[in-house]
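Reading through the structure tokens given below for one structure.
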Number of protein chains: 2
Amino acid sequence: MGKQMTEMLKGTLEGIVLAILAAQPAYGYEITARLREQGFTDIAEGTVYALLVRIEQRGLVDVAKVPSEKGPPRKVYTLNAAGNSYLAEFWNTWSFLAERIGHLHRNNHSQEKGE
Amino acid sequence: MGKQMTEMLKGTLEGIVLAILAAQPAYGYEITARLREQGFTDIAEGTVYALLVRIEQRGLVDVAKVPSEKGPPRKVYTLNAAGNSYLAEFWNTWSFLAERIGHLHRNNHSQEKGE
DNA sequence: ACCACTACATAGTAACACTGAGTACACGAA
DNA sequence: TTCGTGTACTCAGTGTTACTATGTAGTGGT
């Protein structure tokens with residue numbers, strides 16, 4: 001993966017995964033697959049599992065072990081109240097940053113074109 | 001500063017500073033001030049200077065020492081060709097990420113409202 | 001018996017922003 | 001003259017994060 005993307009994912013990947021969980025509960029392997037569907041093709045499995053361990057330890061999710069037909073039991077993660085409020089904070093932070101950077105982006109582009 | 005913002009700035013602060021330099025050359029103290037104007041009120045001076053050292057070592061900027069009326073000489077940073085192409089790459093990475101996350105954001109919100 | 005797919009776990013590494021402190025120059029007030 | 005304030009840059013140490021690489025294990029097909 002590009003080094004820029006790696007660095008940029010720091011802080012945002014967590015929010016991305018929480019947002020996926022907000023849509024519906026999911027387990028690690030499934031989350032990895034969903035990320036790949038969404039265009040994040042190069043995110044390693046290990047990265048996702050490590051992140052899930054973190055958000056579990058912080059109490060942002062509830063965990064349930066569910067047997068699988070095709071392999072070891074799944075750990076299904078569900079966003080709880082704390083996770084929801086943390087996610088809401090994430091959206092605030094993201095919105096602020098995206099707005100500021102979007103502003104810079106537009107300025108840079110108009111400059112390139114000599115506007 | 002919020003912990004989320006700290007983590008989210010990883011990888012993006014560099015692009016933000018390069019974008020500021022793309023608009024016009026500047027020195028460290030000035031860049032810090034400009035960041036504060038743009039709403040990044042809690043970015044420490046030390047953070048900016050460390051970042052400037054990095055981008056100088058990577059050859060993304062040219063540096064000129066200019067005497068100041070009010071203090072030590074200034075190190076004025078100018079974005080060079082390498083810096084410009086690196087910045088272009090940054091915008092690509094950012095656009096991809098912003099689009100993907102924006103998509104998640106809209107989905108989450110429409111879900112909250114039950115749409 | 002072997003392989004592919006599913007599913008999770010983890011030790012070690014690199015990169016980055018922050019904290020907190022320090023150095024140094026200019027200038028005006030006390 | 002000394003002190004404070006604003007300007008301007010530097011740096012060691014810390015915490016957090018995503019990546020790499022590898023390992024463990026269950027299921028089903030050939």
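Shown here are the salt bridge (charged side-chain N to carboxylate O under 4.0 Å, His left out) partners of B/Arg58, two or more places apart in sequence or in another chain: B/Glu14. A/Tyr49 meets the ring-ring contact (aromatic ring centres under 6.0 Å, His included) test with no other residue; sequence neighbours excluded. Checked against salt bridge (charged side-chain N to carboxylate O under 4.0 Å, His left out), B/Glu56 has the following partners two or more places apart in sequence or in another chain: B/Lys75.
At distances below 3.5 Å, at least one donor-acceptor pair connects side-chain atoms of B/Glu30 with backbone N or O atoms of B/Tyr27. With hydrogens and angles disregarded, no donor-acceptor distance shorter than 3.5 Å links the side chain of A/Asp62 to the backbone of A/Tyr77. Side chain of B/Asn107 to backbone of A/Ala23: no donor-acceptor contact under 3.5 angstrom is found.
Rounded to an integer number of Å, the gap from A/Met8 CE to C/dA14 C1' is 17 Å. When rounded to the nearest whole Å, the span between CE of B/Met5 and P of C/dA17 equals 13 Å. Rounding to whole angstrom units, CG of residue B/Asp42 and C1' of C/dT19 are separated by 13 Å.
Taking the six-membered ring for Trp and thresholds of 30 and 60 degrees, A/Trp91 and B/His105 have nearly parallel ring planes, at less than 30 degrees apart.
Interface residues of residues 9-40 of chain A facing DNA chain C, ordered by number: A/Lys10, A/Tyr27, A/Gly28, A/Tyr29; criterion, heavy-atom separation under 4.0 Å. DNA chain D is contacted by A/Arg54, A/Arg58, A/Glu69, A/Lys70, A/Gly71, A/Pro72 of residues 48-81 of chain A, taking any non-hydrogen atom closer than 4.0 Å.
Side-chain contact between B/Arg100 and B/Leu104 is absent, with no heavy atoms from C-beta onward closer than 4.5 Å. At least one side-chain heavy atom of A/Glu45 sits less than 4.5 Å from a side-chain heavy atom of A/Tyr29. Contact check for A/His103 versus A/Arg106: side-chain heavy atoms found under the 4.5 Å cut-off.
Protein chain A contacts DNA chain D from D/dT17 to D/dT27, reading 5' to 3' and using non-hydrogen atoms of the protein with a distance under 4.0 Å.
Contact between the side-chain N/O atoms of B/Thr47 and the OP1/OP2 oxygens of C/dC18 is found at a separation under 4.0 Å.
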